[in-house]
Amino acid sequence: MELIIGPRLFSTWSLRPWLVLRRAGADFETREVWYRTEAEKAELRRLSPSGFVPLLKVEGETLWDTLAISEWAAERYPEAHLWPIDATARALARSATAEMHSGFHALRELCGMGPGHPMAGDARAQAPADPGLDRDLARLVALWRQMRARFGAGGPWLFGDWSIADAFFTPVAARVRHYQIDLAAHGDDGVGAAYVAALLDQPDFREWETAALSPNAG
Ligand SMILES: N[C@@H](CCC(=O)N[C@@H](CS)C(=O)NCC(=O)O)C(=O)O
């Protein structure tokens with residue numbers, strides 16, 4: 001099984017299924033591809049039906065899209081409980097994950113990760129002042145506070161035990177750090193900041209960062 005990812009330094013989408021497969025205990029290889037030059041872009045189009053990464057090559061098929069790969073992993077590794085066991089928590093974890101997958105456009109666009117804005121390392125930037133970004137951050141903080149209050153008692157993650165939702169919010173934690181976002185200014189009482197710290201402190205995320213910063217990366 002091979003997960004084809006974009007540059008570890010920037011590819012927030014690639015990080016998500018990589019974390020999920022790690023938590024699943026899957027035996028997989030990781031191949032990092034870049035898409036700067038025409039030759040690299042042509043190679044990506046050859047590899048990818050959608051023209052995007054991440055991709056999972058498994059059992060003779062190529063799966064694409066972070067959420068589809070994550071759902072595949074949840075079915076393939078049921079013992080890893082990648083979604084919460086409780087049915088209500090599971091439905092809400094799927095809702096939060098889907099909202100991240102398809103929403104938070106201002107956060108994504110105005111606090112992007114790309115050349116000059118790496119997910120890893122000490123580089124820091126300033127978030128721009130923008131009402132759409134403020135709305136996204138207030139929504140994020142409210143969502144995190146609600147889910148942590150209702151389901152977080154059993155552990156540091158959004159639904160207590162680690163779930164796919166945490167994989168989807170890990171790149172958001174990297175954005176909060178890189179853009180030095182003060183969550184308290186968006187309604188946080190400390191719960192959101194603690195959640196961000198837990199996400200950034202995941203050993204798997206730290207391993208990803210180390211690989212992203214290694215001289216051989218890319
Ligand atoms: N909805 C897709 C988004 C994937 C995506 O945007 N991938 C970016 C890398 S983070 C990409 O492949 N970019 C290639 C390009 O822009 O040429 C998913 O969830 O997998």
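Hydrogens, waters and symmetry mates play no part in the numbers below; they use all other heavy atoms, side chains included.
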Peer 1: Taking the side chain as everything from C-beta on, heavy atoms only, tell me whether D65 gets closer than 4.5 Å to S50.
Peer 2: no

Peer 1: Can you tell if the side chain of E71 reaches within under 4.5 Å of the side chain of R94, non-hydrogen atoms only?
Peer 2: yes

Peer 1: Any donor and acceptor pair, going by atom type alone, linking the side chain of S214 with main-chain N or O of T210 inside 3.5 Å?
Peer 2: no

Peer 1: Quick one: does W13's side chain get under 4.5 Å of V53's, heavy atoms only?
Peer 2: no

Peer 1: Can you measure from CD (E209) to CG (L9) and round to the nearest 0.5 angstrom?
Peer 2: 9.5 Å

Peer 1: Between CZ of R23 and CG of D161, what distance do you get to the nearest 0.5 Å?
Peer 2: 9.5 Å

Peer 1: With no hydrogens and no angle check, is any side-chain donor or acceptor of R76 less than 3.5 Å from a backbone partner on A26?
Peer 2: no

Peer 1: Would you give the length of the straight line joining atom CG of L47 to atom CD of E43, rounded to the nearest 0.5 angstrom?
Peer 2: 4.5 Å

Peer 1: According to a hydrophobic-cluster definition based on side-chain heavy atoms being under 4.5 Å apart (Ile, Leu, Val, Met, Phe, Trp, Tyr only), do M113 and W34 belong together?
Peer 2: no

Peer 1: How long is the span from the CZ atom in F52 to the OH atom in Y35, to the nearest 0.5 Å?
Peer 2: 9.0 Å

Peer 1: Is there side-chain contact between L92 and R150, with at least one heavy-atom pair below 4.5 Å?
Peer 2: yes

Peer 1: Is any side-chain heavy atom of L82 closer than 4.5 Å to a side-chain heavy atom of V20?
Peer 2: yes

Peer 1: Report yes if some heavy atom in the side chain of R8 is under 4.5 Å from a heavy atom in the side chain of M119; otherwise report no.
Peer 2: no

Peer 1: Hey, is the main chain of C111 close enough, under 3.5 Å, to the side chain of R175 for a donor-acceptor pair?
Peer 2: yes

Peer 1: Would you indicate whether the side-chain heavy atoms of M100 and V172 approach each other to under 4.5 Å?
Peer 2: yes

Peer 1: Heavy-atom count check: over 12 atoms from other residues, nucleotides or ligands less than 6.0 Å from Q180 CD?
Peer 2: yes

Peer 1: Any side-chain heavy atom of T170 sitting closer than 4.5 Å to one from W208?
Peer 2: no

Peer 1: Testing the basics here: between A165 and T97, what is the closest heavy-atom pair and its distance to 0.1 Å?
Peer 2: CA-OG1, 3.3 Å

Peer 1: Is a donor on one side and an acceptor on the other found under 3.5 Å between the side chain of S11 and the backbone of P7?
Peer 2: no

Peer 1: Enter the distance from D188:CG to I181:CD1 here, rounded to the nearest 0.5 Å.
Peer 2: 12.0 Å

Peer 1: Nearest 0.5 Å please: distance from the CD1 atom of I4 over to the CG atom of L44.
Peer 2: 9.0 Å

Peer 1: Are L158 and L107 grouped together when hydrophobic residues (ILVMFWY) are joined by side-chain heavy atoms under 4.5 angstrom apart?
Peer 2: yes

Peer 1: With F169 as reference, evaluate W144, W157, W162 under the ring pair (Phe, Tyr, Trp, His ring centres under 6.0 Å) test and give the passing residue.
Peer 2: W144

